[in-house]
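To start, the structure under review is shown below, and the notes come after it.
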There are 2 protein chains.
Amino acid sequence: MAETARQIADDLRVRIEAGEFPPGKRLPGEPALVKQYGVAKMTANGALKLLVNEGLAYSKPGSGTYVRDFQPLRRVANKRMARTGWSSGQSVWSPDLGRRDLVVADIRVNEVAAPRQVARALGLDSQDLVLVRSRRFLVDEKPVQLATTYYPASLVAGSAITQQNTGPGGAYARLAELGAEPVQFVEELRSRMPSGTEADLLALPAGTPVMEICRTAFTADGDRVEFNQMLLDAGSYVLEYHFTS
Amino acid sequence: MAETARQIADDLRVRIEAGEFPPGKRLPGEPALVKQYGVAKMTANGALKLLVNEGLAYSKPGSGTYVRDFQPLRRVANKRMARTGWSSGQSVWSPDLGRRDLVVADIRVNEVAAPRQVARALGLDSQDLVLVRSRRFLVDEKPVQLATTYYPASLVAGSAITQQNTGPGGAYARLAELGAEPVQFVEELRSRMPSGTEADLLALPAGTPVMEICRTAFTADGDRVEFNQMLLDAGSYVLEYHFTS
DNA sequence: CAGTGGTCTAGACCACAGC
DNA sequence: CTGTGGTCTAGACCACTGG
């Protein structure tokens with residue numbers, strides 16, 4: 001009686017966390033909330049929308065509102081260091097991750113003048129040409145990551161990096177053949193809410209942030225040979241970094 | 001004329017990105033939108049709420065809705081590696097960050113039985129005691145980070161780590177004196193929307209995600225001596241990682 | 001087909017800002 | 001004090017789901 005949308009949402013949140021509504025379970029619908037709490041339909045809708053915007057639930061129009069479940073992928077930035085023995089600690093999240101396939105789709109390759117940000121990252125002039133490879137990664141048909149990679153065009157001209165299929169070992173193997181093997185990396189990472197376009201491309205439910213990663217790759221000589229801009233569905237990923245200090 | 005909330009928000013977003021409304025500028029208010037687009041007040045409110053939930057704007061009740069501006073801090077996980085010459089590439093975001101002071105507040109120290117997650121991370125039994133240090137970091141009076149650090153109680157008993165002030169060089173210097181200097185680290189990172197409590201503690205505007213970092217610290221022998229759980233205001237931080245592979 | 005979530009309207013009341 | 005954002009109501013229409 002005379003509850004507010006926020007209070008109804010709080011109530012439901014408590015019951016979700018208490019396990020009354022396990023992941024995947026349908027929450028009480030708008031008509032039920034209207035009857036139970038004696039509020040208007042719009043208020044009930046607002047309460048559910050709060051939960052959705054918090055990323056706790058998602059709604060299927062015409063069907064219901066359901067508790068979300070998380071099964072994030074684990075992205076280990078530096079695999080080689082991670083393999084050394086000392087880092088054998090247990091994972092904090094998603095320790096029992098089944099191995100799921102990462103499918104690459106929508107590969108596009110073209111050559112453009114270096115955008116400002118890219119030129120600065122790679123140490124180029126803004127008139128210099130860069131090779132752009134963009135692609136989309138899917139897991140179980142669901143997009144989880146957009147990636148756009150830039151290479152100095154003069155460096156990779158004629159190599160398989162300019163093809164859709166970069167060949168065995170991928171782009172890094174080709175760079176190594178060109179005498180420009182990347183061995184050192186810097187990643188800059190932000191998190192924010194997605195734009196509408198980004199939300200569409202990643203098929204993001206409301207209430208899901210994205211993680212934006214800008215990775216610069218260096219050769220042993222300190223030359224910058226790759227700039228990779230990634231956009232991850234934050235609900236689909238746990239990132240892992242290993243380092244010494 | 002019969003615009004929907006989403007369309008109005010799209011319109012405003014375009015104009016924001018075009019520079020018509022620079023950061024800090026007040027957006028057209030609800031009454032203005034009602035008149036301009038011929039919609040109901042609730043629709044105008046919904047349009048502005050969309051922008052707020054995207055993190056593009058914030059509203060000051062009684063005053064107006066304003067375009068947000070970002071001035072993130074830069075957190076470099078491994079400072080030592082970052083100092084080496086090869087990583088001298090330009091920063092992608094916030095290149096001209098002024099040096100702002102990170103103030104520590106609300107330090108609480110106590111001893112409890114290890115929570116499950118902590119026990120697993122530190123390789124302890126759940127009956128083992130851990131020393132818990134929790135604190136809040138502020139920049140310009142605004143909270144930007146919550147941190148809770150756990151140490152095996154038997155390791156740090158009697159040291160200054162059990163005090164509010166850990167002394168010169170901080171906790172790591174004390175660990176080094178105990179023969180347990182942390183030199184290797186694993187960080188696991190997630191991003192998600194905050195709970196209501198977390199949003200309050202960090203004074204987060206709506207539409208701001210948090211980044212959750214779990215860091216485990218190892219000695220050269222591979223012993224785990226610290227577990228640090230951090231919660232960052234995503235709008236206030238850019239993270240930077242350096243590594244080889 | 002009935003039930004669901006999504007959205008809009010028109011009007012109302014409140015708390016707060018800032019003059 | 002007036003103007004602002006925040007929220008609620010009661011009723012309406014739509015598109016979609018699922019039996």
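Chain letters run A, B, ... following the sequence lines, proteins first and then strands; every chain starts at 1. Just so it is clear, the structure is predicted and the values come from calculations on it, not from any experiment.
- Here the shortest heavy-atom pairing between Val210(A) and Leu231(A) reads CG2-CD1, 3.9 Å.
- The side-chain contact (heavy atoms from CB on, under 4.5 Å) search around Ala206(A) returns Val52(A), Asn53(A), not counting sequence neighbours.
- When each of dG5(C), dT9(D), dG6(D) is scored by its nearest atom to the side-chain atoms of Thr65(A), the top-ranked nucleotide is dG5(C).
- Met42(B) has its CE atom 9 Å from the C1' atom of dC8(C), to the nearest Å.
- An end-to-end axis angle of 10° holds for the helix from dC1(C)-dG18(D) to dG18(C)-dC1(D), taken from five base pairs per end and rounded to 10°.
- Between Asn45(A) and dG6(C) there is a side-chain polar atom (N or O) within less than 4.0 angstrom of OP1 or OP2.
- Annotation for Lys35(A): atom NZ does not count as buried by contact number, only 12 or fewer foreign heavy atoms lying within 6.0 Å.
- Rounded to an integer number of Å, the gap from Lys49(B) NZ to dT4(D) P is 18 Å.
- In this structure, Lys35(B) atom NZ and dT4(D) atom C1' are separated by 15 Å, rounded to whole Å.
- With sequence neighbours excluded, no residue forms a ring pair (Phe, Tyr, Trp, His ring centres under 6.0 Å) with Phe137(A).
- Taking atom CD of residue Glu30(B) and atom C1' of nucleotide dT2(D), one finds them 16 Å apart after rounding to whole Å.
- At distances below 3.5 Å, not a single donor-acceptor pair connects side-chain atoms of Arg74(B) with backbone N or O atoms of Glu240(B).
- Crowding of Arg6(B) atom CZ: a count of heavy atoms from other residues, nucleotides or ligands under 6.0 Å not exceeding 12.
- Proximity of Ser59(A) to the phosphate of dT4(C): no side-chain N or O atom is located under 4.0 Å from OP1 or OP2.
- Heavy-atom distances to DNA chain D give each of Thr43(A) and Pro28(B) a nearest nucleotide, and the one nearer the 5′ end belongs to Pro28(B).
- Under a 3.5 Å cut-off, the side chain of Arg136(B) and the backbone N or O of Leu201(B) do form a donor-acceptor pair.
- Atom P of nucleotide dT9(D) and atom CG of Leu33(A) are separated by 12 Å, given to the nearest angstrom.
- Residues passing the side-chain contact (heavy atoms from CB on, under 4.5 Å) test with Glu187(A), sequence neighbours excluded: Arg75(A), Ala77(A), Ile213(A), Arg215(A), Tyr241(A), Phe243(B).
- Closest contact between the side chain of Arg26(A) and the listed nucleotides dG6(C), dT4(C), dA10(C) involves dT4(C).
- Remark: C1' of dT7(D) and CG of Leu50(A) are 11 Å apart, rounded to the nearest angstrom.
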*When every nucleotide of nucleotides 13-19 of chain C is labelled 5' to 3' by its protein contacts under 4.0 Å (heavy atoms), B for base, S for sugar-phosphate only, - for none, what sequence of letters results?*
---BS--

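- Between the OH atom of Tyr37(B) and the C1' atom of dC8(C) there is a distance of 17 Å, given to the nearest Å.
- Every residue was checked against the ring pair (Phe, Tyr, Trp, His ring centres under 6.0 Å) condition with Phe70(A), not counting sequence neighbours, and none meets it.
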